[in-house]
Amino acid sequence: MRRLIIVAVLSCLLLPGAALAVKPDEILKDPVLEARARALSQELRCMVCQNQSIDDSDAPLARDLRLLVRDRLEKGDSDKQVLDFLVARYGNFVLLKPPVEPATLLLWGLSPLVLVIGIGALVVVARRRRSIALGVEGLSAEEQRRLDRLVHDDSAS
Amino acid sequence: MIPEIGHYALVLALGLALIQATVPLYGTIKRDESLMRLASSTAVMQLVFAAGSFAALTACYVTSDFSVANVFENSHSMMPLIYKFTSVWGNHEGSMLLWVLILALFGGSVAAFGNNLPVTLKANVLAVQAWIACSFYFFILLTSNPFLRLARPPLEGRDLNPILQDPGLAIHPPLLYLGYVGFSIAFSFAIAALIEGRIDAAWARWVRPWTLAAWMFLTVGIAMGSYWAYYELGWGGFWFWDPVENASLMPWLAGTALLHSAVVMEKRNALKIWTVLLAILAFSLSLIGTFLVRSGVLTSVHAFAEDPSRGVFILGILVLFIGGGLSLFAWRAPLLKQGGLFAPVSREGALVFNNLFLTTACLTVFVGTLYPLALEAFNGEKISVGAPFFNLTFAPLFIPLMFAMPFGTLLAWKRGDLLGVAQRLMAAFAAGIAAIALTLVATGTQHVLAPFGIGLAFFVIVGALVDIAERIALFRAPLKASWSRMRGLPRSAWGTAIAHAGVAVTLIGITGAATWGTERIVAMKEGQTITLSGYALTFDGMVQRSGPNFRVLAGKFTLREGGSVIGIMEPSKRTFGARGMTTTEAALLSRGVSQLYLSLGDVNGDGTVAIRFYYKPLVLLIWLGAVVMALGGALSLSDRRLRVGAPKPAAKAANSAPDLQPAE
């Protein structure tokens with residue numbers, strides 16, 4: 001079942017000489033910057049791999065991107081600037097979490113919409129059931145009078 | 001000779017499936033009981049021939065018969081015997097053969113153990129089962145035949161993909177398939193009910209054990225796959241939201257929803273139409289999963305377009321069964337009478353809440369997995385949907401679900417008292433808040449969400465305990481009375497509590513590993529020591545060894561805690577000559593439920609070696625929780641009231657050892 005993971009691994013992990021994603025020589029001296037770089041790396045896709053972030057991937061391209069991210073951070077870019085830079089260069093494909101825009105409206109909106117509709121439908125059904133239940137159990141004014149009369153007649157006799 | 005026998009057995013199994021798919025149905029129309037009974041015998045014989053075919057392929061692998069193309073491509077004479085067995089399903093053709101074998105196994109089990117089923121229902125169920133079987137036999141014989149011979153048999157095989165040469169692979173796919181294919185029974189029951197236009201609480205009672213069994217296998221199968229990826233892929237992640245993983249998660253979510261809605265149907269005769277729909281959806285998602293993985297559509301749309309024969313075939317099966325099932329549903333479902341009114345705040349209401357959130361979670365995974373494909377096909381725009389998207393969208397659905405869990409089990413049927421339940425859950429609230437406070441004290445306020453994850457988990461675990469305590473009237477009745485109540489408590493009640501606690505255990509594991517894990521990525525010299533979270537790791541040097549069909553380059557590391565040695569870690573790389581491939585084998589060392597994880601990287605020219613060293617606190621709880629969930633399922637399955645073909649209750653039967661797999 002994991003054939004595709006395996007394919008991904010084959011194409012990314014098992015390139016000659018490669019074994020680990022982030023290599024020791026890439027790590028920045030400043031731990032704060034490095035932490036930011038790692039966090040950003042997890043949001044970015046290794047574009048020659050299948051569904052791997054550049055943080056996980058061993059492909060040479062992923063390494064290039066990791067170095068690029070670190071380079072931009074060292075030059076003082078904010079996280080958003082780094083992402084914008086990469087999107088300008090590679091398109092939205094590089095982001096593992098696509099931005100909300102017309103093309104991704106369904107992606108982001110469908111589940112919340114279904115949840116809201118589902119809750120709404122349940123509320124409507126519950127209300128209708130209650131009114132049906134009342135209609136079955138409740139007596140009309142006329143019925144109530146007849147019932148009262150019967151009870152009174154019974155007690156009178 | 002053996003491959004030809006296997007091939008022929010498969011053709012005969014198809015023939016039997018064709019009879020099973022048609023004759024019993026004709027029997028139900030003609031009201032001819034002998035024709036209907038044909039379903040059982042053909043189902044059993046179909047199983048015999050499918051098993052024979054599978055045995056033949058296994059024999060080809062064990063004897064390394066490289067004249068069979070499939071064996072040549074996926075085996076090697078030097079491979080250890082266990083991997084010769086597992087490589088049978090470590091490839092496309094063989095795994096499809098396993099798929100139909102398990103399908104036949106479930107069909108045969110219904111035939112053998114479903115003696116108390118009404119004759120027409122049984123005939124219809126087995127006929128539908130045979131429709132599925134037929135389409136997959138055709139698929140194998142026409143597009144993925146594992147028995148094809150090579151004109152010039154080579155002397156040596158190409159070896160199994162080294163990543164698959166691992167005990168994890170031995171267990172993972174069969175378990176996963178038992179889950180996937182197990183939902184076919186629920187599907188067949190649903191279709192049979194729609195054909196008959198009649199459905200009742202007894203139907204749910206027949207369907208539930210099968211669904212429960214499938215769900216258990218799927219739970220353990222997914223957990224196995226996750227653990228396998230964790231230790232084999234070498235970077236310590238346990239869930240990647242990879243489309244292949246999502247393909248197995250979707251049927252699990254739908255199946256979990258189905259389990260819960262079937263309870264409502266069995267106990268209260270309500271939610272019939274919804275339960276039937278879920279039964280159809282759960283198996284449809286299994287089929288979609290098979291399509292996604294087997295068609296190659298995920299690798300790229302282009303690869304799919306270049307060699308579409310297999311993909312198009314599975315797509316055809318998909319359209320036939322999902323489209324057909326849903327059309328039949330739309331046509332016949334209005335015939336099924338609804339029953340069992342209930343107030344919104346009630347056990348039924350809580351289970352509806354559960355279903356709403358589980359199906360929405362399932363939809364989220366579905367949309368996230370298929371959206372990039374759909375968008376690219378629609379306007380050529382390429383986007384990626386990965387872990388950050390799923391983490392963001394999935395968690396908000398699962399948190400309310402888990403919070404509602406203890407409420408649901410305590411609410412009364414028909415009309416519940418939310419305030420009363422909240423009062424009875426005081427102990428659970430207290431435990432949750434205490435857990436949050438303790439976590440905050442112990443780990444600081446750096447990670448705000450993690451303490452709430454731990455708190456929620458403790459709320460659910462203590463809530464499950466409260467549920468049991470309430471049922472046995474603990475502290476309200478004399479202890480002796482509680483004890484006898486506890487012994488009389490149905491196993492399904494224990495099963496529910498344990499499975500729910502299992503979900504919480506997994507949550508603790510995920511929270512711990514994702515939040516408080518630490519790592520060091522360094523290049524180490526021989527004799528150098530590094531520290532991580534209180535552990536000191538010393539690099540002692542490299543060693544070389546040779547395995548049966550690979551060479552090993554291992555690093556020797558000594559792990560110390562507080563000055564004393566607690567273990568030797570030997571992460572290694574294996575080079576497989578036949579394919580010229582290298583795999584990394586991480587070294588794992590468990591400390592309670594936490595683990596230390598060491599993975600080997602490049603050996604540099606200056607004698608240093610790159611390593612990745614992780615401390616993963618509580619990580620084992622992720623998979624332990626799944627095992628606990630499955631255990632709860634098994635306990636529930638052993639409940640006499642649920643057992644398929646259960647005899648009339650007898651004192652003797654109650655004392656006998658629990659039969660954990662009646663569905664088999």
Side-chain angles (χ1 to χ4, degrees), chain A residues 1-11 13-14 16-27 38 42-45 47 50-53 55-58 91-99 103-104 106-108 110-112 114-115 118-119 121-123 125-127 129-130 132-133, chain B residues 92 95 161 163-164 172-173 176-177 225 228-229 233-235 237 240-245 247-248 293 298-299 341 343-344 352 356-357 359-361 363-364 367-368 371 375 379 381-389 392-393 397 521-523 573 581-584 599-602 610-612:
Chain A
M1 289 308 299
R2 296 199 164 254
R3 201 178 158 109
L4 285 163
I5 273 204
I6 289 146
V7 170
V9 168
L10 287 184
S11 60
L13 272 189
L14 299 175
L20 292 179
V22 180
K23 294 199 171 61
D25 59 350
E26 295 171 13
I27 292 170
R38 293 299 300 275
Q42 282 162 13
E43 302 263 324
L44 293 165
R45 176 185 182 135
M47 280 171 298
Q50 204 190 323
N51 194 45
Q52 270 189 326
S53 71
D55 196 46
D56 292 335
S57 173
D58 277 317
N92 281 336
F93 189 60
V94 78
L95 298 176
L96 280 169
K97 187 172 70 189
T104 59
L106 263 183
L107 174 70
W108 285 102
L110 194 61
S111 294
V114 165
L115 194 64
I119 291 173
L122 289 178
V123 169
V125 168
R127 285 235 173 107
R129 274 199 185 155
R130 191 180 301 160
I132 290 172
Chain B
H92 169 79
S95 79
N161 187 329
I163 292 187
L164 303 183
H172 169 59
L176 212 54
Y177 280 11
W228 178 59
L233 298 187
W235 64 90
F240 304 95
W241 294 104
D242 186 90
V244 180
E245 290 170 323
S248 65
V293 177
L298 289 173
T299 342
L341 291 175
V352 168
L356 181 65
F357 276 78
T359 38
T360 313
L363 180 75
T364 307
V367 173
Y371 203 83
L375 191 67
N379 64 3
E381 194 178 332
K382 290 184 85 164
I383 60 162
S384 309
V385 178
F389 170 84
L392 190 68
T393 50
L397 291 168
I521 303 168
V522 285
K573 288 187 187 197
M581 276 170 57
T582 304
T583 62
T584 54
S599 176
L600 205 59
D602 296 338
I611 58 131
R612 250 188 171 190

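Remember, predicted model here, so these are calculated numbers, not experimental data. Residue numbers begin at 1 in each chain, while the letters A, B, ... track the order of the sequences.
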- Task: Using non-hydrogen atoms and a 4.5 Å limit, figure out which bit of A:Thr104 sits close to chain B: side chain, backbone, both or neither.
- Result: both
- Note on the structure: Most contact-rich option vs chain B, by heavy-atom pairs under 4.5 angstrom, among A:Asn92, A:Leu115, A:Val114, is A:Leu115
- Heavy atoms only, distances under 4.5 angstrom: which of B:Thr364, B:Leu375, B:Leu363, B:Val522 has the most pairs with chain A? Name it, please. B:Leu363
- Item | Residue A:Ile119 versus chain B: region with a heavy atom under 4.5 Å | both
- Note on the structure: When the 4.5 angstrom heavy-atom criterion is applied to B:Val367 and chain A, the contacting part is both
- The side chain to side chain contact (heavy atoms under 4.5 Å, CB included) partners of B:Val385 (sequence neighbours excluded) come to A:Pro98, A:Leu107, B:Pro372, B:Ile383, B:Phe389, B:Phe390
- Message: What part of A:Ile27 gets within 4.5 angstrom of chain B, counting heavy atoms only: side chain, backbone, both, or neither?
- Response: side chain
- Item | Step-by-step side chain to side chain donor-acceptor pair (under 3.5 Å) determination, B:Ser384 to A:Arg45 | CA-CA 7 Å; B:Ser384 309; A:Arg45 176 185 182 135; 3.2 Å; yes
- All heavy atoms of B:Ile521 vs all of A:Arg38, minimum pair found to be CD1-NH1, 3.5 Å
- Note on the structure: Here the pair of heavy atoms bringing B:Phe357 nearest to B:Leu397 is CD2-O, 3.4 Å
- Message: Taking side chain to side chain contact (heavy atoms under 4.5 Å, CB included) as the definition, give me every residue that meets it alongside A:Gln42, ordered by chain and number, with sequence neighbours left out.
- Response: A:Asp55
